[in-house]
**Student:** 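Provided herewith is a single structure, encoded as structure tokens, for subsequent inquiry.
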Amino acid sequence: MIEHKRILLIISGGIAAYKSLELIRRLNERGATVRCVLTEGGARFVTPLSVAALSGGNVYTDLFSLTDESDMGHIRLSRESDLVVVAPASADLMAKMAAGLADDLASTVLLATDKPVLLAPAMNTMMWAHPATRRNRARLEEDGIGFVGPGAGDLACGEVGPGRMAEPEDILAAIEGALAGRGEGRLAAVRALVTSGPTHEPIDPVRYIANRSSGKQGHAIAGALGALGAEVVLVTGPTGEPDPPGARVVRIETAEQMLAACQAALPVDVAVCAAAVADWRVSHPANRKTKRNGAPPAALELQENPDILRTLSAMGRGRPTLVIGFAAETHDVVENAVQKRRDKGCDWILANDVSPDEGVFGGDHNRIHLIDETGVEPWPEATKVAVAAHLAERIAAAIADKGISV
Ligand code: CTP
């Protein structure tokens with residue numbers, strides 16, 4: 001997908017700029033041509049010389065530089081690319097883009113481009129959480145701008161939280177996703193259904209039963225399948241994750257709504273159930289808020305929710321060719337997952353350890369054991385985006401083997 005593509009990489013100011021050098025190297029390895037724009041801030045963190053050395057001299061810094069303009073006008077620069085990537089995207093550059101400002105080469109190129117744009121934000125966690133940045137991000141998403149990251153973790157400023165730029169491998173995966181045109185790629189003409197996130201089961205109009213699922217893994221899988229050209233329907237419970245580019249997103253709250261939305265999405269060739277569906281719902285949710293009344297409420301009466309993975313696996317005619325589930329386990333991970341695959345009747349189970357020590361719920365990493373009818377395959381620990389990309393590759397290979405007519 002990346003080979004022979006022309007990537008315009010804009011590097012704005014932030015300590016994460018050093019990771020962009022690695023990104024250029026990886027893009028070169030994949031056969032892309034990379035041109036770079038360095039903002040004034042970006043040039044404080046990485047030098048034009050190092051960027052030029054890696055990008056074959058294709059580095060531009062100044063809107064008014066005669067050399068740059070005679071060599072390559074900013075309009076040509078923005079149009080003669082297949083994708084514009086901003087990594088790192090600073091809070092300042094996001095604000096300029098959201099407002100449509102064009103007072104330097106980077107912002108002018110971004111305003112002049114007619115190509116897809118992908119941002120990899122990197123900033124202090126308070127800046128990322130600031131209402132102004134949240135507004136800007138929402139506006140940019142409305143404008144069709146794609147996002148990858150940021151992840152959470154230790155930041156260079158010494159604080160901990162969301163704001164860390166996505167790793168180069170994750171940006172590469174997102175670039176593949178953004179470049180995947182409809183009808184191109186190894187999963188072209190394949191329809192995929194992905195479930196993601198938690199479900200919320202109401203107790204009364206203000207309270208519900210939920211779980212800690214962030215939706216990161218499911219959303220990443222939807223993005224990775226789309227990156228290989230699949231037509232993706234993502235059925236998701238409430239999450240803070242951005243919509244994966246190109247996927248049709250159906251938002252639901254309860255397990256019953258999730259099942260109905262999945263059934264409405266059929267027929268599909270592949271179904272990946274990554275949602276953490278609540279096993280139980282309250283039999284009679286109250287219509288009005290339950291008052292405290294000085295005494296604890298009576299015990300909630302619960303009833304079992306439909307099992308979406310089991311339902312899809314047990315379909316006779318019209319069953320997806322490949323049905324894949326997850327097994328969230330805290331102990332005897334592989335043994336339980338092997339059993340779960342049999343119980344549910346799905347083709348593959350991806351087992352993951354969700355003990356609090358592993359930090360899987362809400363975290364950016366995952367360690368998977370893939371279980372199919374032939375056995376157990378441990379995967380190395382990787383980011384959820386990399387796990388998703390690997391799974392999408394495996395699905396593409398399996399579908400090629402099973403001979404779905406594409
Ligand atoms: N799943 C589903 N519908 C449900 C419950 C689970 O589709 N009502 C799917 C999940 O999306 C996941 C797989 O089943 O792909 C296993 O989910 P998990 O929570 O690990 O297992 P449970 O079926 O809930 O079993 P247990 O709680 O006993 O581990």
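Note that these values count all heavy atoms, side chains included, but never hydrogens, waters or copies made by symmetry. In listed order, ligands and their atoms are each counted from 1. One-based numbering along the sequence shown.
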**Student:** Is the Lys NZ or Arg CZ of Arg35 less than 6.0 Å from the centre of Tyr60's six-membered ring, within 45° of the axis?
**Tutor:**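 Because its charged atom misses either the 6.0 Å distance or the 45° angle limit, Arg35 does not stack over Tyr60.
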**Student:** Going by atom types alone, do Ser90 and Asp92 pair a side-chain donor with an acceptor below 3.5 Å?
**Tutor:**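 Side-chain D/A pair, Ser90 to Asp92: absent.
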**Student:** Would Lys289 and Asp204 pass as an ion pair if we require N to O under 4.0 Å?
**Tutor:**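 Salt bridge absent between Lys289 and Asp204.
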**Student:** Is the shortest heavy-atom distance from the side chain of Glu393 to the side chain of Arg186 under 4.5 Å?
**Tutor:**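 The answer is yes; the side chains approach within 4.5 Å.
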**Student:** Any non-hydrogen side-chain atom of Ile145 less than 4.5 Å from a side-chain atom of Val117?
**Tutor:**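 With C-beta onward as the side chain, the pair touches.
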**Student:** Given a heavy-atom cut-off of 4.0 Å, could you list the residues near ligand 1 in chain and number order?
**Tutor:**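 The answer is Cys273, Ala275, Val277, Asp279, Pro306, Asp307, Ile308, Leu309, Gly325, Phe326, Ala327, Ala328, Lys340, Lys344, counting any residue whose heavy atom sits under 4.0 Å from ligand 1.
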**Student:** Heavy atoms, side chains only, cut-off 4.5 Å: are Trp379 and Asn366 in contact?
**Tutor:**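 With C-beta onward as the side chain, the pair stays apart.
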